[in-house]
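Any value given below was found using the heavy atoms of this structure, including those in side chains, with hydrogens, waters and symmetry copies removed. Model, not experiment: these values are computed from the prediction. In what follows, every chain begins at residue 1, and chains take the letters A, B, ... in the order their sequences are listed.
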There are 2 protein chains.
Amino acid sequence: MQKLVIPRKTVYRLSLYYRALQRLRTNNIETVSSAALATAAGVKPTQLRKDLTYFGNFGTRGLGYNVEALSRRLTEALGTTQLQPVILVGAGNLGSALLRYPGFAKEGFEVVAAFDAKPLRSREKELGIKVLPMTKLAQFVTEQRIKMAILTVPGNVAQEVTNELIASGVLAILNFAPIILQVPDNVVVNNVDLAIELENLSYFIQ
Amino acid sequence: MQKLVIPRKTVYRLSLYYRALQRLRTNNIETVSSAALATAAGVKPTQLRKDLTYFGNFGTRGLGYNVEALSRRLTEALGTTQLQPVILVGAGNLGSALLRYPGFAKEGFEVVAAFDAKPLRSREKELGIKVLPMTKLAQFVTEQRIKMAILTVPGNVAQEVTNELIASGVLAILNFAPIILQVPDNVVVNNVDLAIELENLSYFIQ
DNA sequence: CTGTGTGAAGGCTTTCACAGCC
DNA sequence: GGCTGTGAAAGCCTTCACACAG
């Protein structure tokens with residue numbers, strides 16, 4: 001399966017489809033048309049169908065898609081079949097909140113450890129997880145073969161921490177720091193910048 | 001100025017440029033080349049220049065851009081010249097963290113009120129803001145002419161709350177609920193879905 | 001007759017190549 | 001010489017139109 005051929009945007013939408021399918025599953029719906037699923041995912045039906053053809057033909061003409069089967073195929077494609085361990089670096093305001101956020105576990109990610117320059121912060125409420133000092137970071141990542149990290153450190157140390165993560169073997173970073181991280185080609189970064197999202201909205205309501 | 005001509009992606013990148021410019025400003029750098037600014041913003045120099053031409057010519061050939069002037073022009077374009085009041089709906093884990101998050105204020109947004117179905121939660125630590133019951137939402141939005149809202153309610157009530165926001169006059173929503181909101185054409189929604197971002201990363205490290 | 005699968009067309013963005021100005 | 005500004009080309013993604021299967 002040559003996954004390099006699949007457009008980035010398609011991959012992103014696969015997650016949207018998967019989400020929508022989960023809702024259908026909990027409602028015990030067995031079959032869904034591209035029109036219905038597309039609406040739930042916020043895209044056009046033709047786009048949904050086109051996206052799915054990158055992975056094969058799962059639909060039944062005249063009927064639609066089997067929710068269960070399509071759902072399973074998407075987890076395979078996304079690589080979320082087995083639980084993926086993740087670490088979180090920077091247990092400040094945002095970091096702590098994310099540790100308590102149930103959304104990750106629900107989607108198959110387990111935050112296995114958190115790191116902070118001042119690990120004593122952990123007192124402030126059971127986060128349900130150990131907060132380790134930064135000095136333990138490299139060893140932990142290497143030994144546990146961690147591949148994914150959530151980065152919620154201040155912008156001025158983000159690049160430095162990133163370098164350490166990459167040196168230890170991390171391949172994917174979800175970055176909340178308001179900085180463009182410089183990383184080698186084999187490392188993927190997704191940026192979530194809350195202030196920029198607001199700023200962007202602000203443009204459209206002028 | 002016909003702003004409808006400007007590509008969405010360009011608008012988004014303007015924020016990145018603005019960010020990078022702020023850093024240069026604090027370092028008292030007066031002039032910057034498209035190459036340097038592009039690197040800081042994570043884009044190609046030609047793209048940066050192309051993006052800027054949508055707003056006019058600010059560069060000096062052979063020299064670069066004046067940091068101060070370009071910076072000012074970008075705030076104008078983005079509509080962040082004056083402080084924009086924002087409300088937050090849903091003061092749970094994530095919502096509370098965002099209330100304490102300094103990033104918004106730093107970029108010119110003031111969260112003027114928070115709303116929650118169970119406003120008593122507010123006790124849990126001074127959030128530095130009143131948490132009002134949902135019953136006060138419509139009146140507040142109307143009276144204060146609020147245009148922007150951050151939505152951090154559970155997915156199953158997100159659409160319902162959205163309808164209320166829109167009916168009261170909100171035009172832009174930063175949505176953290178894992179749902180595609182159905183809104184009229186004159187309303188803008190930006191989605192931030194943390195689980196999907198992780199899922200997306202997971203695909204690329206297979 | 002309904003709804004998928006898909007080559008082809010269309011539209012949008014990015015990148016190139018180079019003219020133009022300091 | 002250095003760096004911006006920009007039409008033109010290339011690339012990418014979305015949408016259309018319709019063949020085809022149940």
Side-chain angles (χ1 to χ4, degrees), chain A residues 1-17 20-21 24 29-71 73-74 77 180 200 203-204, chain B residues 1-17 20-21 24 29-71 73-74 77 180 200 203-204:
Chain A
M1 197 214 305
Q2 342 91 299
K3 74 176 167 184
L4 287 179
V5 186
I6 299 165
R8 257 196 105 96
K9 292 197 163 183
T10 294
V11 175
Y12 188 84
R13 284 190 298 264
L14 293 185
S15 290
L16 296 178
Y17 305 152
L21 284 171
L24 293 173
I29 292 166
E30 283 181 13
T31 308
V32 66
S33 70
S34 65
L37 186 54
T39 307
V43 304
K44 296 231 164 67
T46 48
Q47 181 154 74
L48 165 59
R49 295 206 297 274
K50 186 64 123 184
D51 283 342
L52 293 184
T53 58
Y54 288 105
F55 303 95
N57 309 2
F58 327 100
T60 309
R61 302 192 184 202
L63 197 66
Y65 299 88
N66 178 287
V67 173
E68 188 68 31
L70 181 54
S71 196
R73 188 66 192 80
L74 289 183
I180 300 297
N200 186 248
Y203 172 84
F204 289 103
Chain B
M1 196 215 308
Q2 342 91 298
K3 73 176 168 183
L4 288 179
V5 186
I6 299 166
R8 258 195 106 96
K9 292 197 164 181
T10 294
V11 174
Y12 188 85
R13 284 190 297 263
L14 292 184
S15 291
L16 296 177
Y17 304 152
L21 284 171
L24 293 173
I29 292 165
E30 283 180 13
T31 308
V32 66
S33 70
S34 64
L37 187 53
T39 307
V43 305
K44 295 230 164 67
T46 48
Q47 182 154 75
L48 165 59
R49 294 205 298 274
K50 187 64 126 183
D51 282 342
L52 293 184
T53 59
Y54 288 106
F55 303 95
N57 309 1
F58 327 100
T60 308
R61 302 189 182 203
L63 198 67
Y65 299 88
N66 179 286
V67 171
E68 188 67 31
L70 181 54
S71 197
R73 187 67 192 81
L74 288 183
I180 300 298
N200 186 249
Y203 172 83
F204 289 102

Measure the spacing between [atom1] of [X] and [atom2] of [Y] and express it to the nearest 0.5 Å.
X       : Y       : atom1 : atom2 : answer
A/Lys50 : A/Lys44 : NZ    : NZ    : 15.5 Å
A/Arg13 : A/Tyr17 : CZ    : OH    : 5.0 Å
A/Leu70 : A/Leu52 : CG    : CG    : 5.5 Å

Mind calculating the distance between [atom1] ([X]) and [atom2] ([N]) to the nearest angstrom?
X       : N      : atom1 : atom2 : result
B/Lys9  : C/dT14 : NZ    : C1'   : 9 Å
A/Gln47 : C/dC12 : CD    : C1'   : 13 Å
A/Arg73 : C/dT4  : CZ    : P     : 18 Å
A/Phe55 : C/dT4  : CZ    : P     : 18 Å
A/Tyr17 : C/dT4  : OH    : P     : 13 Å
A/Tyr65 : C/dG3  : OH    : P     : 12 Å

Query raised in the report: Is there side-chain contact between A/Pro7 and A/Tyr54, with heavy atoms separated by less than 4.5 Å?
Result: yes

Query raised in the report: Is any side-chain heavy atom of B/Leu24 closer than 4.5 Å to a side-chain heavy atom of B/Leu37?
Result: yes

Query raised in the report: Through what angle, rounded to 10 degrees, does the axis of the helix from C/dC1-D/dG22 to C/dC22-D/dG1 turn between its ends, using five pairs per end?
Result: 0°

Report summary line: Letter by letter from the 5' end, nucleotides 16-22 of chain C scores (B base, S sugar-phosphate only, - none; protein heavy atoms under 4.0 Å) BB-BBBB

Give the minimum heavy-atom separation between [X] and [Y], together with the two atoms involved.
X       : Y       : value
B/Leu14 : B/Ala77 : CD1-CB, 4.5 Å
B/Thr31 : B/Ile29 : O-CG2, 3.3 Å
B/Pro45 : B/Ala35 : CG-CA, 3.9 Å

Requested in this report: On DNA chain D, reading 5' to 3', which nucleotide is the first and which the last to sit with an atom under 4.0 Å from a heavy atom of chain B, could you check?
Outcome: D/dG2 to D/dA8

Report task. For B/Ser33, check side chain to side chain donor-acceptor pair (under 3.5 Å) against everything at least two apart and list the hits. Result -> none

**Report entry** A/Ser34: partners by side chain to side chain donor-acceptor pair (under 3.5 Å), with sequence neighbours left out
**Finding:** A/Arg49

Please output the side-chain donor-acceptor pairs of residues 58-69 of chain B that fall under 3.5 Å, not counting sequence neighbours, one pair per line with the distance.
unit_1: B/Asn66; atom_1: OD1; unit_2: B/Glu68; atom_2: N; d: 3.0
unit_1: B/Asn66; atom_1: OD1; unit_2: B/Ala69; atom_2: N; d: 2.8
unit_1: B/Glu68; atom_1: OE1; unit_2: B/Arg25; atom_2: NH1; d: 3.4
unit_1: B/Glu68; atom_1: OE2; unit_2: B/Arg25; atom_2: NH1; d: 3.0

